[in-house]
Amino acid sequence: MEHHSNDLPWRAHARVVHIGILDDGRLDEDDLIRLLKKYWKKVALVAVTGASNVTGWVNDINHLAEICHEYHTQILVDAAQLAPHRKIDMRAAHDPGHIDFLVFSAHKIYAPFGSGVLIGDREFFMHGSPDYVGGGTIKIVGLDYAHWDDPPEKEEAGTPNTIGVIALAESLLTIQKIGLHHIADHEKKLTSYLLEQIHRIPGIKIYGSSDPQVVENRLGVIAFNVQDLPHALTAAILNYEGGIGVRNGCFCAHPYLKALMGITEEEAERLEKQILANDRSQLLGAVRASFGMYNNHQEIDQFIQILRTIANGTYQGKYVLDRQKGEYHPRDYHPAFEKYFHL
Ligand SMILES: Cc1ncc(COP(=O)(O)O)c(C=O)c1O
């Protein structure tokens, strides 16, 4: 159920074995246990997402940590989606449910792009070479040797993103002030409301849970398709006619999307060939609506209203497909962007 960024980087360092998912997109804990038994003593790390950026499912990370520690392996949690929406308890090192490593990105938590956080035991980072080497990582360098600095400097190569880090700290303090429980409560209400409303529109397929009552262990991330309309067309109409920004496609989680959509290997192969031939006219995927703490019920009403016009075919524009990009654009609409943005 991982974002590619918690999958592809590991492939360069070790053999990656993927944990299966259940039919509704949740992580299959039994499969995790099966794999831990099968690869007993060979598992370097279990890397799981705290919350899915596709279905919004929230993993019980402390419980997963207990399982991993029982099998003497460490756990890393990708909290890019979790940190802005739910309180995280890494727990003390002696607790079997403690999280060994936690990562998240600044730009998902209302800070600017370009910085992120990796939390782990200082002792762990005392050993070995840094991931990235360069200025700032060393105590002393000779022509054929280098003594690494202590963490965290050792792991922070290059000129630091000072402004980014200050902004991230400010963002975290602001979230702390607002209270993550308030944020979570607000987003749960929005999610429940959207799911209730969306059920009134015929022909919407939601990936993952569509139950308005199930909001404790899921985020306000809702991936869907409208009948058999291309996801890129649905997204374009929401964008151009509703002023609503949604993401469409596979959300940097191709294997997860394929599994959720029940795509066969043959079908996947056919579509992959098309993409490699630069034809993205039939890109696999869905549309994703997602909430942050700033969203409100009125915005959901507007979203539902436009979605209804898409489902019953009464939307206004005529859209043309750019086959290379796999995007739809209104035929007779030429926004004068230079009016708003000029250098
Ligand atoms: C679950 C998850 N993990 C990781 C990432 C990657 O974050 P970044 O773009 O900062 O590498 C994302 C971003 O979309 C995400 O949703």
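As the structure lists them, so they are numbered: ligands from 1, and atoms in each ligand from 1. Each residue takes its place number in the sequence, starting with 1. These numbers come from the heavy atoms of this one structure, side chains and all, not from hydrogens, waters or symmetry mates. This one's a predicted model, so the numbers in the text were calculated from it and none came from an experiment.
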Applying ring pair (Phe, Tyr, Trp, His ring centres under 6.0 Å) to Tyr240 and Tyr333, what does each step give before you reach the verdict? CA-CA 9 Å; Tyr240 286 107; Tyr333 176 62; 5.7 Å; yes

Please list, chain by chain and in numerical order, all residues satisfying side chain to side chain contact (heavy atoms under 4.5 Å, CB included) with Glu70, sequence neighbours excluded. none

As a test of understanding, state which of Arg270, Arg323, Lys325 forms a salt bridge (charged side-chain N to carboxylate O under 4.0 Å, His left out) with Asp279. Arg323

Under 3.5 Å, is there a donor on one side chain and an acceptor on the other for Asn295 and His186? no

Contact residues of ligand 1, where a non-hydrogen atom lies under 4.0 Å away: His3, Ser5, Thr49, Asn53, Asp78, Ala80, Gln81, Ser105, His107, Lys108

Would you list the atom pairs, donor with acceptor, under 3.5 Å between side chains in residues 107-119 and any protein atom, with sequence neighbours excluded?
unit_1: Tyr110; atom_1: OH; unit_2: Met293; atom_2: N; d: 3.1

Using the ring-ring contact (aromatic ring centres under 6.0 Å, His included) criterion, which residues pair with His297? Sequence neighbours excluded. Tyr193

